[in-house]
Amino acid sequence: MNIAIDAGNSRIKWGVHDGSRWLDNGALATADVAWLSEAADEWPVARVVICNVAGSEVATSITALLAGRHSQVSFLHASAEACGVRNTYEHPRQLGADRWAALIGARALLGSACLVVCAGTATTVDRLDAAGVFRGGLILPGYDLMRAALASNTAQLPLADGVFRSEPRNTMDAIVSGCLQAQLGAVERMFSAIATEPGARCLLTGGAAARLAAHLCIPFQLIDHLILSGLVRYAESL
Ligand SMILES: Nc1ncnc2c1ncn2[C@@H]1O[C@H](COP(=O)(O)OP(=O)(O)OP(=O)(O)O)[C@@H](O)[C@H]1O
Ligand SMILES: CC(C)(CO)[C@@H](O)C(=O)NCCC(=O)O
Ligand SMILES: [K+]
């Protein structure tokens with residue numbers, strides 16, 4: 001039995017995994033980290049593996065609320081190698097722990113070259129080759145962050161709630177389509193580098209993944225809980 005916790009900048013996602021499937025999953029706003037103890041009250045005693053990219057205060061809060069309940073608590077940090085994935089970042093530990101977990105999760109699912117896309121507060125687009133080598137990736141503002149940046153830094157642009165159009169003809173649609181096209185363009189351009197490799201595909205996860213998936217023109221799979229699954233895979237290797 002393993003409990004996985006992914007603390008992102010907007011939301012904390014968690015899951016209880018029994019070795020073959022998820023028994024329970026949940027999510028809450030990162031700002032409400034204290035409420036995680038309500039969920040934790042229901043968890044079985046088990047090993048807990050955490051990735052946190054939301055800062056040290058969040059890490060401290062999570063550690064404090066787990067203390068006394070679970071004795072085996074580990075934070076995943078990116079390293080040069082883990083679970084069949086090799087990290088070629090210049091400074092391997094600089095890679096976000098959530099990206100590292102997603103790469104580990106992806107490698108456990110697929111033996112072919114793939115693009116691992118985590119569409120959250122930020123969007124990350126990471127390239128994993130057929131040998132399990134992480135070949136670098138992109139960080140860009142996520143879809144909602146792009147829309148919010150336009151609203152808060154311009155006089156005339158609202159926080160847009162429009163429709164994706166190939167030829168947008170109003171402000172709302174122009175913003176929504178622009179922010180989505182920016183995300184999709186980054187993903188599709190990165191994919192073009194691996195498109196001819198056998199079995200190449202894109203794995204998409206994160207809160208905004210479904211929104212991107214609706215318009216992606218490359219082979220892709222939407223994966224729920226890819227980061228949590230990578231954490232479980234890592235926990236099983238300990
Ligand atoms: N119910 C929801 N609550 C919050 N965000 C949502 C929800 N549904 C979709 N989203 C989208 O998902 C994004 C958050 O996704 P996710 O939880 O994967 O990010 P995160 O892990 O907090 O971010 P990061 O890992 O980049 O720090 C939001 O920016 C928004 O675009
Ligand atoms: C890019 C985010 C914010 C995505 O959640 C996170 O993985 C992070 O803070 N990464 C650290 C920097 C890096 O991955 O190079
Ligand atoms: K995340």
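Counting convention: from 1, in listed order, for ligands and their atoms alike.
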Quick one: which ligand 2 atoms are inside 4.0 Å of a heavy atom on [X]?
X     : result
Arg99 : 7 (O), 13 (C), 14 (O), 15 (O)
Gly96 : 7 (O), 10 (N), 11 (C), 13 (C), 14 (O)
Asn9  : 3 (C)
Gln94 : 11 (C), 12 (C), 13 (C), 14 (O), 15 (O)
Leu95 : 14 (O)

When clusters are formed by joining ILVMFWY residues with side-chain heavy atoms under 4.5 Å apart, either directly or through shared neighbours, do [X] and [Y] land in the same one?
X      : Y      : value
Leu138 : Leu184 : yes
Leu103 : Val49  : yes
Phe191 : Leu180 : yes

Counting heavy atoms only, which of [options] is nearest [atom]?
atom                    : options                    : result
atom 24 (P) of ligand 1 : Thr205, Thr121, Ile139     : Thr121
atom 25 (O) of ligand 1 : Asp6, Thr124, Asn52, Asp98 : Asp98
atom 4 (C) of ligand 2  : Val53, Asp126, Asp98       : Asp98
atom 28 (C) of ligand 1 : Leu226, Asp144, Ile227     : Asp144

Run the side-chain contact (heavy atoms from CB on, under 4.5 Å) test on Leu231 and Lys13 for me, step by step, so that the C-alpha distance in whole Å, both residues' side-chain angles and the decisive distance to 0.1 Å come before the verdict. CA-CA 12 Å; Leu231 288 170; Lys13 283 73 62 182; over 6 Å; no
For Tyr89 and ligand 2, does the shortest N/O to N/O distance drop below 3.5 Å?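 Such a contact does occur with ligand 2.
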Could you say whether the N/O atoms of Thr124 and ligand 2 ever approach to under 3.5 Å?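 N/O-N/O distance under 3.5 Å: no.
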Atoms in ligand 1 with a heavy atom of [X] nearer than 4.0 Å:
X      : result
Ala122 : 26 (O)
Lys13  : 16 (P), 17 (O), 18 (O), 19 (O), 20 (P), 21 (O), 22 (O)
Gly8   : 20 (P), 21 (O), 22 (O), 27 (O)
Ala208 : 11 (C), 12 (O), 31 (O)
Gly206 : 18 (O)
Ser10  : 22 (O)

Look at Arg147 together with Asp161 and state whether they make a salt bridge at an N to O cut-off of under 4.0 Å.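 Answer for the salt bridge query: no.
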If we only count N/O pairs under 3.5 Å, is Gly207 in contact with ligand 1?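 Checking ligand 1 against Gly207, an N or O pair does fall under 3.5 Å apart.
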When rounded to the nearest 0.5 angstrom, what is the spacing between CZ in Phe220 and CG in Leu212?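 If we round to the nearest 0.5 Å, Phe220:CZ and Leu212:CG are 9.5 Å apart.
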Test of understanding: with side chain to side chain donor-acceptor pair (under 3.5 Å), list the residues that count as partners of Thr121, not counting sequence neighbours.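 So Thr121 forms a side chain to side chain donor-acceptor pair (under 3.5 Å) with Ser10.
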Relative to the ring of Trp22, is the ring of His17 parallel (under 30°), tilted (30 to 60°) or perpendicular (over 60°)?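 Perpendicular.
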Between Asp18 and Ser20: side-chain donor-acceptor atoms closer than 3.5 Å: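 The criterion, which ignores hydrogens and geometry beyond distance, is satisfied for Ser20 and Asp18.
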Would you check if the side chain of Ser177 reaches a backbone N or O of Arg165 as a donor-acceptor pair within less than 3.5 Å?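 Checking the backbone N and O of Arg165 against the side chain of Ser177, a donor-acceptor pair under 3.5 Å is found.
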Between Asp129 and Gly132 (side chain of the first, backbone of the second, donor and acceptor by atom type, cut-off under 3.5 Å), is there such a pair?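 Yes; judged by distance alone, with no hydrogens or angles, the pair exists.
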Can you establish whether the number of heavy atoms outside Arg69 located under 6.0 Å from its atom CZ is more than 12?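 Counting other residues, nucleotides and ligands, CZ of Arg69 exceeds 12 neighbours.
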Strictly under 4.0 Å, does any heavy atom of Arg211 approach an atom of ligand 1?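 Flag not set, Arg211 not near ligand 1.
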